[in-house]
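Written out below as structure tokens is the structure these notes cover.
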Amino acid sequence: MVQVLTDLDLVISKSYICSDGGWLMDVFHVRDQLGKKITDETLNLYIQQELCDTRRRGGVPKELQTCHKRKLRPCHISTEHTALEITGRDRPGLMSDISAALYELGCHITAAVAWTHNGRMACIIQVEDGLKGGPIMVQKRLALVQEKLESVVEGHHENGDKRSVLLTAPAADRTHTERRLHQMMYADKDYEPCQGCDGSCRHWNGCKKTHVTVETCKEKGYSLVNVRSRDRNKLLFDTVCALTDMQYVVFHAAVSLKGSMANQEYFIRRQDGCSLVSETESRKLAQCLVAAIERRVSHGVRLDICTENKMGLLWYLTRVFRENGLSITRTEIGTHGERASGCFYVTDASGNDANPRTVELVRQQIGGSVLVVNKCPNSSLSVSRSSGEMEERPRFSLGNLLWSQLERLTSSFGH
């Protein structure tokens with residue numbers, strides 16, 4: 001459900017989740033990215049159909065895109081192309097090396113999404129045959145592509161360091177791209193260095209770090225997970241992905257914003273019906289939630305790019321960044337007919353803010369339409385902003401306020 005709403009760029013201002021006894025009642029307060037009420041009946045109907053469907057068909061229909069007079073970003077890598085999944089140690093120039101290798105092998109990159117976090121990198125690249133178009137079907141050529149990319153990714157790795165290159169053929173049931181990136185980074189154990197707030201912050205007012213606590217609510221038979229962090233785009237999606245992929249079931253939840261901070265509270269059990277039983281399990285869950293929240297946080301200057309779609313475009317763009325001493329921390333780029341558009345977040349090679357003069361020089365070299373956004377946007381969980389600072393947060397705050405209501409709803413469902 002969250003995935004459907006997120007893919008439509010809707011802003012979730014509040015959410016109350018209740019499921020027990022084989023019934024559920026989930027409430028989402030949503031607005032568009034400008035904070036306005038959704039009045040488009042076509043969009044409302046599409047949301048109803050998708051939320052009632054047990055299986056995502058993938059992508060947003062073209063008629064809905066036309067209705068909104070804009071191209072909605074694809075939520076899936078196309079099922080008509082070959083997809084490459086790459087994980088490994090991050091380093092300056094890695095994306096440039098990968099795209100250069102694909103260009104040399106005659107592969108045309110039609111879409112790419114890449115994240116970096118805690119010194120690790122995960123990317124999904126969609127390619128087609130540069131001469132014939134369509135997916136690459138010859139097994140010998142696929143093996144050559146995989147071998148070449150493995151040598152590129154392996155170049156700066158230490159012995160025993162994990163890296164992976166996986167080629168996947170076109171498939172109708174391919175996992176949602178951003179959820180797949182979460183799964184790849186989780187498998188790569190990018191969460192291990194994550195700690196969030198060290199616990200010394202007794203008064204949460206003013207602290208902008210990510211807080212995650214996991215406690216046992218014995219009288220209800222759940223584990224209680226409290227998450228407090230800066231609000232940003234797709235925060236709820238990222239949190240729910242982490243819980244789901246770690247095999248936890250959310251039975252009750254309350255999500256809200258106050259000021260620039262987001263509060264999320266979940267009552268969960270493992271899929272086998274048990275609450276968390278060990279300190280080690282609770283600590284890993286907290287680490288993974290911090291990682292899920294932080295791995296999408298964008299560092300650096302953002303460059304929005306729209307230019308002519310051509311063979312070797314990603315290699316050219318990343319080469320320009322590299323030659324000017326810029327490092328890519330996150331990217332998303334796709335092609336639409338004769339045009340290519342996307343965004344890059346860049347820092348200097350040391351991970352510090354890029355020099356504005358260097359960014360301007362890069363903008364001039366790239367050509368096309370390049371918009372420089374000096375501050376990374378922090379849109380919402382998505383929530384309508386409320387005024388005031390965060391007050392000191394009482395223990396089990398949202399759960400205590402809502403539990404009686406949730407119990408009443410659950411009791412009614414049981415009948």
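Numbers for residues simply follow the sequence, beginning at 1.
- Within a 6.0 Å radius of CD in Glu338, other residues, nucleotides and ligands contribute 12 heavy atoms or fewer.
- With respect to the salt-bridge test (charged N to carboxylate O, under 4.0 angstrom), the residues Arg363 and Glu360 qualify.
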**Request:** Give the intermediate values and the outcome of salt bridge (charged side-chain N to carboxylate O under 4.0 Å, His left out) for residues Lys234 and Asp7.
**Result:** CA-CA 9 Å; Lys234 299 188 179 181; Asp7 286 342; 5.5 Å; no
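- Residue-environment remark: CG (Asp26) exceeds the threshold of 12 foreign heavy atoms within 6.0 Å.
- Annotation for Ala122 and Met184: closest pair CB-CE, 4.2 Å, computed over non-hydrogen atoms.
- Contact detail for Cys194 and His117: the closest heavy-atom pair is SG-CE1, 3.5 Å.
- No side-chain heavy atom of Val165 sits less than 4.5 Å from a side-chain heavy atom of Glu85.
- For the pair Tyr191/Lys284, a side-chain contact is recorded, criterion being any heavy-atom separation below 4.5 Å from C-beta on.
- Counting only heavy atoms from C-beta outward, the side chains of Leu361 and Asn324 approach each other to under 4.5 Å.
- The two residues Leu84 and Leu102 come nearest to each other via the heavy atoms CD1-CD2, 3.7 Å.
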**Request:** List the steps and the verdict of side chain to side chain donor-acceptor pair (under 3.5 Å) for Asn226 and Gln264.
**Result:** CA-CA 6 Å; Asn226 286 302; Gln264 304 177 69; over 6 Å; no
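- Between the Asn118 side chain and the Arg120 main chain, no donor and acceptor come within less than 3.5 Å of each other.
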**Message:** Asp245 vs Arg179, test: salt bridge (charged side-chain N to carboxylate O under 4.0 Å, His left out). Steps then yes/no.
**Reply:** CA-CA 9 Å; Asp245 290 332; Arg179 181 176 179 186; 2.6 Å; yes
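- The CD atom of Glu294 lies 4.5 Å from the OG1 atom of Thr210; values are rounded to the nearest 0.5 Å.
- Between His176 and Phe237, the two ring planes are tilted [angle within 30° to 60°].
- To the nearest 0.5 Å, the span separating CE on Met185 from SG on Cys123 amounts to 10.0 Å.
- Side-chain contact between Leu142 and Thr82 is present, with at least one heavy-atom pair separated by less than 4.5 Å.
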**Request:** Tell me, with the steps shown, if Arg295 and Asp238 meet salt bridge (charged side-chain N to carboxylate O under 4.0 Å, His left out).
**Result:** CA-CA 9 Å; Arg295 65 172 61 113; Asp238 295 339; over 6 Å; no
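- Inter-residue side-chain proximity for Lys14 and Val255 is flagged as unmet; no heavy-atom pair is nearer than 4.5 Å.
- Thr318 places a side-chain N or O within donor-acceptor distance of the main-chain N or O of Trp315, the cut-off being under 3.5 Å.
- A 4.5 Å side-chain heavy-atom check between Ile98 and Ile125 finds at least one atom pair inside the cut-off.
- In this structure, Arg269 satisfies the cation-pi test against Tyr222, with its NZ or CZ atom closer than 6.0 Å to the six-membered ring centre and inside 45 degrees of the ring normal.
- Using a 4.5 Å heavy-atom cutoff, the side chains of Thr110 and Val127 are not in contact.
- Looking at every heavy atom in both residues, Thr329 comes nearest to His299 through OG1-O, 2.8 Å.
- Here the closest non-hydrogen pair linking Leu303 and Val362 is CD2-CG1, 4.4 Å.
- Under the 3.5 Å distance criterion, with hydrogens and angles disregarded, no donor-acceptor pair is assigned to the side chains of Gln33 and Asp9.
- The number of heavy atoms from other shown groups lying within 6.0 Å of CD (Glu147) does not exceed 12.
- Contact check on Arg89 versus Asp188 returns no salt bridge, with no Lys/Arg side-chain nitrogen under 4.0 Å from an Asp/Glu carboxylate oxygen.
- Proximity of Glu128 to Pro135: side-chain heavy atoms (C-beta onward) are nowhere separated by under 4.5 Å.
- In plain terms, the two heavy atoms of Cys343 and Asp304 that are nearest each other are CB-OD1, 3.2 Å.
- No donor-acceptor distance shorter than 3.5 angstrom exists from the side chain of Asp32 to the backbone of Lys37, with no hydrogens or angles considered.
- Taking OH of Tyr16 as the start and NE2 of His29 as the end, the distance is 5.5 Å to the nearest 0.5 Å.
- Side-chain atoms of Arg91 do not come within 3.5 Å of backbone N or O of Val153 as any donor-acceptor pair.
- Between Asp129 and Arg141 a salt bridge is recorded (basic side-chain N to carboxylate O distance below 4.0 Å).
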